[in-house]
Asker: 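Input: one structure, supplied below.
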Amino acid sequence: MYFTHSNLVRFMIEVIDLDGLTTKTWSSSTHPENRLPYVIDPACGSGSFLLNAMPIITNAIKSRKEELVCDFESIQFYNARMSDDVPNYWAENFIYGFDPKFIMAITAKVNMVLHGDGSAHIFKYDAFSDFSKYRDTKLRPIGDKLRSINRERYDKDMCETFDVVLSNPPFGVTLSSETSRRLKYNFVLSESTSSEALFIERCFQLLKPNGRLGLVLPESVFNAVDNMQVRLFLYRMFKIKTIVSLPRNVFIDTPTLTSLLFAQKKTSQEIEAWDREWQKHIDYANKAIKAGKVCVSSEKKKNYTSAQEVEKAVVNAIGEVLHEDEWVIKKGKNSEVISVRMRADVNTVDDAVSYYNDLLKSASVDKFVFRYAFDKTSQVYDQEFDLFAVDEVGYKLSKRKEKGRPNQLCEFIGNNTKKKICNLHLCDEPYSVIYNTEQTTTVLDIVKKEVRWDQ
């Protein structure tokens, strides 16, 4: 278990603009059940994200009381759930957390009680279970008529209750045999996919359309070949707002490089538009590959007088999908690299036909089909976002003690001393998060200036 440092937790809460979301949710509320944003951490551990989110939501309303608490229903809710006597009492209905370990679920419950009793919906749950196994009504599968996406487009159960997911999910964990058996029924990313990838899909299932996501993830999600399907899922289902690459050793005793992902779930219209564009280019690419296979069919073979004619026909057919300088790996006992341009030792028509059949039947061709479709689709639905790489996050962990360091993520200021605080674990006074969109020096400065969350 790797607990998330308070510096990272508070930075992530600021990036998703929980304060602004709270005031907008309150202002547009039509019922006590949607008065505040629903927040969940499906891998809550001791509850760090939830504990830090709770006072942000409370203060967002209390600091704007005269502006926001001005009609009968809002006054009634405020007096019952946010008065000075019980300022965080609202949290029992709007804050949720899971952890599969009993000791951590109990620890989170106790922490939430000590900070204002938002413990009612802290559960000892496996985040990868069927929704039907969760007892709480807010966690049950949403009905087909109420889903934002029909089952023809996405056939797995969804909950779509939550406005915000903030979490540091488990990396590369071995799931229980019972959970593993059910993955194919609950996740489209179930085949040979890491636990963190499944967690991304579960977050998609939990979030409302336009719901906000903040996750700590291993770098491999963003750059490993094996995680290509995960990245395609992210682009299809989310609008990526920004990614922050962290230095090593932000978590003790692990060399894993991590990044912070901030994204927003697309609406059904946005997903449908992406799917239509994607399918158009997938169909075109598959048609090109099929045309290449026709070129080396037994019927076409008799029309060629040289290996070079075979090569020209195939390259012309597949050239937009597989470029001339590219290659695939033929797997099996006699594995080999097969390039789009023939090797010099391929001299006869028979050899050329056999050569290109091996190339076009390779499973690796699918990756080029996906690449072509992604390249074309992303030109239409371009997702631009800032990518940050920081060297300092305000602390350095070691086995002996925790040291303060400069902080490139954001700036903390003590409310009493007015001094800069690097490490919140070494802070013994109330503090505020400061950002400056005019003179940007931290990541948060730039994010606050450039990132816009849809409502």
Side-chain angles (χ1 to χ4, degrees), residues 2-20 48-49 51-53 55-56 164 166-169 171 196 212-223 240-264 383-415 417-453:
Y2 300 101
F3 296 101
T4 314
H5 196 282
S6 297
N7 281 25
L8 301 182
V9 172
R10 187 57 194 274
F11 169 74
M12 292 174 70
I13 289 173
E14 291 297 324
V15 171
I16 65 164
D17 190 21
L18 186 56
D19 177 89
S48 296
F49 283 105
L51 289 169
N52 280 270
I56 300 297
V164 173
L166 284 163
S167 194
N168 179 2
F171 300 170
E196 56 268 23
R212 303 180 186 187
L213 177 66
L215 291 182
V216 182
L217 292 170
E219 282 279 327
S220 59
V221 167
F222 305 106
N223 55 34
I240 299 173
K241 294 298 182 178
T242 191
I243 298 174
V244 182
S245 181
L246 301 175
R248 291 189 185 276
N249 301 320
V250 293
F251 301 101
I252 199 165
D253 290 335
T254 175
T256 303
L257 281 170
T258 54
S259 290
L260 307 179
L261 168 70
F262 300 96
Q264 188 160 32
Q383 288 195 35
E384 291 189 357
F385 56 88
D386 287 331
L387 174 63
F388 300 92
V390 298
D391 299 314
E392 300 285 0
V393 295
Y395 66 91
K396 184 177 181 180
L397 298 179
S398 68
K399 292 184 178 180
R400 288 188 293 178
K401 65 178 182 177
E402 187 174 314
K403 300 178 180 178
R405 299 282 297 174
N407 190 347
Q408 296 172 325
L409 294 175
C410 58
E411 186 174 344
F412 306 117
I413 299 292
N415 292 346
T417 62
K418 305 302 179 184
K419 292 182 179 179
K420 183 183 294 187
I421 300 164
C422 294
N423 186 349
L424 292 180
H425 286 179
L426 305 180
C427 174
D428 56 3
E429 64 175 311
Y431 70 92
S432 300
V433 181
I434 306 299
Y435 59 88
N436 186 339
T437 57
E438 299 298 324
Q439 297 179 330
T440 56
T441 57
T442 67
V443 174
L444 186 62
D445 292 344
I446 301 172
V447 167
K448 288 292 188 181
K449 181 178 181 179
E450 298 185 359
V451 172
R452 295 292 176 267
W453 296 93

Asker: Which atom pair, heavy atoms only, marks the closest approach of Phe388 to Val447?
Answerer: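 Taking Phe388 first and Val447 second, the nearest heavy atoms are CE1-CG2, 4.0 Å.
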Asker: Rounded to the nearest 0.5 Å, how far apart are CH2 of Trp453 and CZ of Phe262?
Answerer: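 These two atoms lie 7.5 Å from each other.
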Asker: Where do Val9 and Ser48 come nearest, in terms of heavy atoms and distance?
Answerer: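 Distance-wise, the nearest heavy atoms are CG1-O, 3.7 Å.
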Asker: Walk me through it: do Leu8 and Val216 pass the test side-chain contact (heavy atoms from CB on, under 4.5 Å)?
Answerer: CA-CA 9 Å; Leu8 301 182; Val216 182; 5.5 Å; no
Asker: Ile413 and Lys420: side-chain contact (heavy atoms from CB on, under 4.5 Å), yes or no, with the steps?
Answerer: CA-CA 5 Å; Ile413 299 292; Lys420 183 183 294 187; 4.2 Å; yes
Asker: Hey, does the side chain of Lys241 reach the backbone of Arg452 with a donor-acceptor pair shorter than 3.5 angstrom?
Answerer: yes
Asker: Looking at every non-hydrogen atom in both residues, tell me the closest pair between Asn52 and Ile56 and how far apart they are.
Answerer: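 That would be O-CG1, 3.2 Å.
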Asker: Return yes if a side-chain donor-acceptor contact under 3.5 Å exists between Asp386 and Thr242, otherwise no.
Answerer: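 No pair is found: no donor N or O on one side chain lies under 3.5 Å from an acceptor on the other.
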Asker: Which heavy atom in Pro406 sits nearest to a heavy atom in Glu392, and how many Å separate them?
Answerer: O-CB, 3.1 Å
Asker: Please evaluate residues Phe171 and Val221 with respect to the criterion side-chain contact (heavy atoms from CB on, under 4.5 Å), reporting the C-alpha separation (whole Å), side-chain torsions for both, the decisive distance (0.1 Å), and the verdict.
Answerer: CA-CA 10 Å; Phe171 300 170; Val221 167; over 6 Å; no
Asker: If I take atom OG1 from residue Thr437 and atom CD from residue Glu450, how far apart are they, to the nearest 0.5 angstrom?
Answerer: 10.5 Å
Asker: Is the closest side-chain heavy-atom distance between Val15 and Leu444 below 4.5 Å?
Answerer: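 Yes. Closest side-chain heavy atoms under 4.5 Å.
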Asker: What is the minimum heavy-atom distance between Cys422 and Asn407, and which atoms define it?
Answerer: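 The pair with the smallest heavy-atom distance is O-ND2, 3.9 Å.
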Asker: Using every non-hydrogen atom in the two residues, find where Ser259 and Ile243 come nearest and quote the distance to one decimal.
Answerer: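 Reported closest heavy-atom pair: CB-CG2, 4.0 Å.
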Asker: Rounded at 0.5 Å granularity, tell me how far CD in Gln264 sits from CG in Leu213.
Answerer: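 If we round to the nearest 0.5 Å, Gln264:CD and Leu213:CG are 10.0 Å apart.
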Asker: Any heavy-atom pair between the side chains of Phe49 and Asn168 that's under 4.5 Å?
Answerer: yes
Asker: Side chains of Cys410 and Glu14: does their closest heavy-atom pair fall under 4.5 Å?
Answerer: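 Not in contact.
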Asker: Counting distance only, does the side-chain N/O of Glu429 pair as donor-acceptor with the main-chain N or O of Thr417 below 3.5 Å?
Answerer: yes
Asker: What's the separation between atom CG in Leu246 and atom CG in Leu217, rounded to the nearest 0.5 Å?
Answerer: 10.5 Å
Asker: Would you indicate whether Lys396, at its atom NZ, is surrounded by more than 12 heavy atoms from other residues, nucleotides or ligands within a distance under 6.0 Å?
Answerer: no
Asker: Take Ile13 and Leu166 through the test side-chain contact (heavy atoms from CB on, under 4.5 Å) and record every step on the way to the result.
Answerer: CA-CA 8 Å; Ile13 289 173; Leu166 284 163; 3.7 Å; yes
Asker: Could you tell me whether the side chain of Phe222 reaches within less than 4.5 Å of the side chain of Leu257, counting heavy atoms only?
Answerer: no
Asker: Going from OG on Ser6 to OH on Tyr431, what distance comes out if it is rounded to the nearest 0.5 angstrom?
Answerer: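 Answer for the OG-OH pair, Ser6 versus Tyr431, is 6.5 Å.
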Asker: Taking salt bridge (Lys or Arg N to Asp or Glu O under 4.0 Å) as the test, write out the residues that go with Asp445, two or more places apart.
Answerer: none
Asker: A side-chain contact here means heavy atoms from C-beta on lying under 4.5 Å apart; do Asp17 and Val451 qualify?
Answerer: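 Result no, sub-4.5 Å side-chain heavy-atom pair not found.
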Asker: Quick one: are Leu261 and Ile240 in side-chain contact, heavy atoms under 4.5 Å?
Answerer: yes
Asker: Which of these, Val244, Leu18, Leu260, sits in a side-chain contact (heavy atoms from CB on, under 4.5 Å) with Met12?
Answerer: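 Single pass found, and it is Leu260.
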Asker: If you count every heavy atom of other residues, nucleotides or ligands that lies below 6.0 Å from Tyr435 atom OH, does the total exceed 12?
Answerer: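 Counting other residues, nucleotides and ligands, OH of Tyr435 stays at 12 neighbours or fewer.
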Asker: Can you check whether Asp391 reaches Gln408 side chain to side chain, under 4.5 Å on heavy atoms?
Answerer: yes
Asker: Supply the atom-to-atom distance Glu411 CD to Thr441 OG1, rounded to the nearest 0.5 angstrom.
Answerer: 6.5 Å
Asker: Could you work out, with salt bridge (Lys or Arg N to Asp or Glu O under 4.0 Å) as the rule, every residue matching Arg212, not counting sequence neighbours?
Answerer: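 For Arg212, no residue satisfies salt bridge (Lys or Arg N to Asp or Glu O under 4.0 Å) once neighbours in sequence are set aside.
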Asker: Does the ring centre of Tyr395 sit less than 6.0 Å away from the ring centre of His425?
Answerer: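 Aromatic pair excluded; centres sit 6.0 Å or further apart.
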Asker: Indicate yes or no: at least one non-hydrogen side-chain atom of Leu397 is less than 4.5 angstrom from one of Val250.
Answerer: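 When only atoms from C-beta onward are counted, Val250 and Leu397 do not touch, as no gap falls below 4.5 Å.
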